[in-house]
Amino acid sequence: MREPVATEARAALDRSSGYRRLGRVIAGVVVVALTVAFIAANRGELPNAARAAGHADPWWLGLGVIASATFMVLHASARRVAIATFGVRLTPSRAMLTSAVAQSLNVVAKSGGMAGLAVYRDESRRSGQPTPLVTGGYVLCVVLGDAAFAVTLVGAIAVLVIDGQFTRGDAVAVAVVGAYFAIVATVVVAAARSRSAIRSLHALPARLRRRTPDHTAADELFDAIQQIRTRPASVIPVFCLMLLIELVSISMVWICLAAYGQSVGMTVPIVGYGVSVLFSLISVLPAGIGFAEASLGAVLVSFGLAGSVATVIVLTYRILETWLPLLTGVLVARTWRRRADGATP
């Protein structure tokens, strides 16, 4: 009886591996296609943008690369600290590799930052760590990341309102993102109140598709929230790290402006960053392709920058904030997989 079962299990693993490879290929094709589409849509500004790029200050660009690396290190640190809150330890090198792969997956998948959880769950299974605890730590990091961005967004909106530049488009985007935050808050409150409440919320999509709900993820979230409730102060370090990520992201916009000779205060970077992420969240495309670039470019132009200069600044910022982390994750994925295979009990 065991041989057929083993054969079936191996076949299932082969199919799963094939699906993952196909998913990576599709994700790569989508990213390339979206990049080409963005370049085509902005081809009119490319000649002037190329001339503007020729005047970039290499020292500022180098500082931008350092800021991008800091951005990735802070993400890895925040996730490592969040997971440690639940008693799960990752070595610094392991945390960096896992976070880099997870970050690249978050770029190509429209998931509100949850796509990277699959990488951490895989890491936990291969290293013999408790998967529910790893899930709880990762979810904690995502929720606190949303809270940190909400703080930044409030500041950006306040600046827009004071300057009289808050548009109807901004209002619609804020309403959509506000609804998203409300849903997240509802789930967290439900998870804090009772296991049955979070199970009911989690089961809604399955019931709408007339499928039997799987309560595993809901139970893991409930257990995680209960553990946090016993030590509420433990979330403070994670939240501080997420706020630092927001500050580094804003600084990358400021650095890109300075690299092309635009001497501005912090108002333009704060508003530009907040609005670009705001429209990225409501975009249906991975990494907010098109929406992030257009919104950030519009903000820069509204503050008096020439269209060609705004274009090259936007492209440089997106390279630092999105494409470098994506490329880093792709490059280290093989190393992460090899070490994970070696850690398998």
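Just so you know, these numbers use all the heavy atoms, side chains as well, and skip hydrogens, waters and symmetry mates.
- A heavy-atom distance below 4.5 Å is found between the side chains of Thr70 and Leu74.
- In this structure, Arg80 contributes its side chain and Leu90 its backbone to a donor-acceptor pair below 3.5 Å.
- The two residues Leu305 and Leu257 make their nearest non-hydrogen contact at CD2-CD2, 3.7 Å.
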Begin from the C-alpha positions of Ile245 and Phe71 and carry the test side-chain contact (heavy atoms from CB on, under 4.5 Å) through to its verdict.
CA-CA 6 Å; Ile245 290 173; Phe71 173 83; 3.7 Å; yes
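- A heavy-atom distance below 4.5 Å is found between the side chains of Met114 and Val139.
- In the hydrophobic clustering of ILVMFWY residues, with side-chain heavy atoms under 4.5 Å counting as a link, Leu247 and Ile66 come out apart.
- With values rounded to the nearest 0.5 angstrom, Thr267 atom OG1 is found 10.0 Å from Leu160 atom CG.
- Looking at every heavy atom in both residues, Cys141 comes nearest to Met242 through SG-SD, 3.8 Å.
- Using a 4.5 Å heavy-atom threshold, the side chains of Ser77 and Val73 count as touching.
- Linking ILVMFWY residues whenever their side-chain heavy atoms come closer than 4.5 Å, directly or via other members, places Val161 and Val277 in the same cluster.
- The backbone N or O of Ile319 lies less than 3.5 Å from no partner atom in the side chain of Thr322, so there is not a single donor-acceptor pair.
- Val154 places none of its side-chain heavy atoms less than 4.5 Å from the side chain of Phe149.
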Assess the residue pair Glu293 and Arg318 against the criterion (side-chain contact (heavy atoms from CB on, under 4.5 Å)); give the C-alpha distance rounded to whole Å, side-chain angles, the decisive distance to 0.1 Å, and a yes or no.
CA-CA 8 Å; Glu293 290 83 358; Arg318 290 290 279 173; 2.8 Å; yes
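- Distance OG/Ser276 to CZ/Phe291: 13.5 Å, rounded to 0.5 Å.
- The hydrophobic clustering, which links ILVMFWY residues whose side-chain heavy atoms are closer than 4.5 Å, places Met96 and Tyr138 apart.
- Residue Trp254 comes nearest to Met266 through the heavy atom pair CD1-SD, 3.9 Å, listed as atom of the first residue, atom of the second, then distance.
- For the pair Asp122 (side chain) and Val119 (backbone), a donor-acceptor distance under 3.5 Å is absent.
- Phe279 and Ala173 make their closest contact through CZ-CB, 3.9 Å (heavy atoms, listed as atom of the first residue, atom of the second, distance).
- Between the side chains of Tyr260 and Thr316, at least one donor N or O lies within less than 3.5 Å of an accepting N or O.
- Rounding to the nearest 0.5 Å places CG of Asp170 at 9.0 Å from OG of Ser295.
- Counting heavy atoms from C-beta outward, Tyr120 and Ser99 have side chains that approach closer than 4.5 Å.
- The CD1 atom of Ile157 sits 6.5 Å away from the CG atom of Leu278 when rounded to the nearest 0.5 Å.
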Derivation of the side-chain contact (heavy atoms from CB on, under 4.5 Å) call for Thr135 and Leu117:
CA-CA 7 Å; Thr135 299; Leu117 175 58; 4.0 Å; yes
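- Put simply, the side chain of Ser251 reaches to within 4.5 Å of the side chain of Val248, judged on heavy atoms.
- By the 4.5 Å heavy-atom criterion applied to side chains, Leu296 and Ile313 are not counted as neighbours.
- Two residues are said to be in side-chain contact when any heavy atoms from C-beta on lie closer than 4.5 Å; Val268 and Leu300 meet this criterion.
- Using a distance-only test at 3.5 Å, with no hydrogens or angles considered, a donor-acceptor pair links the side chain of Ser68 to the main chain of Leu320.
- In the hydrophobic clustering of this structure, Val65 groups with Leu326; members are Ile, Leu, Val, Met, Phe, Trp, Tyr whose side-chain heavy atoms approach within less than 4.5 Å, directly or through other members.
- Under the 3.5 Å distance criterion, with hydrogens and angles disregarded, no donor-acceptor pair is assigned to the side chains of Tyr273 and Glu321.
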Yes or no on side-chain contact (heavy atoms from CB on, under 4.5 Å) for Phe303 and Asp163, after CA distance, side-chain angles and deciding distance?
CA-CA 10 Å; Phe303 278 95; Asp163 288 350; 4.1 Å; yes
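- By the rule that hydrophobic residues join a cluster once side-chain heavy atoms approach within less than 4.5 Å of another member, Val253 and Val301 end up as members of separate clusters.
- Arg94 approaches Thr98 most closely through the heavy-atom pair O-OG1, 2.8 Å.
- For the residue pair Leu153 and Gly274, the shortest heavy atom distance occurs at CD1-O, 4.0 Å.
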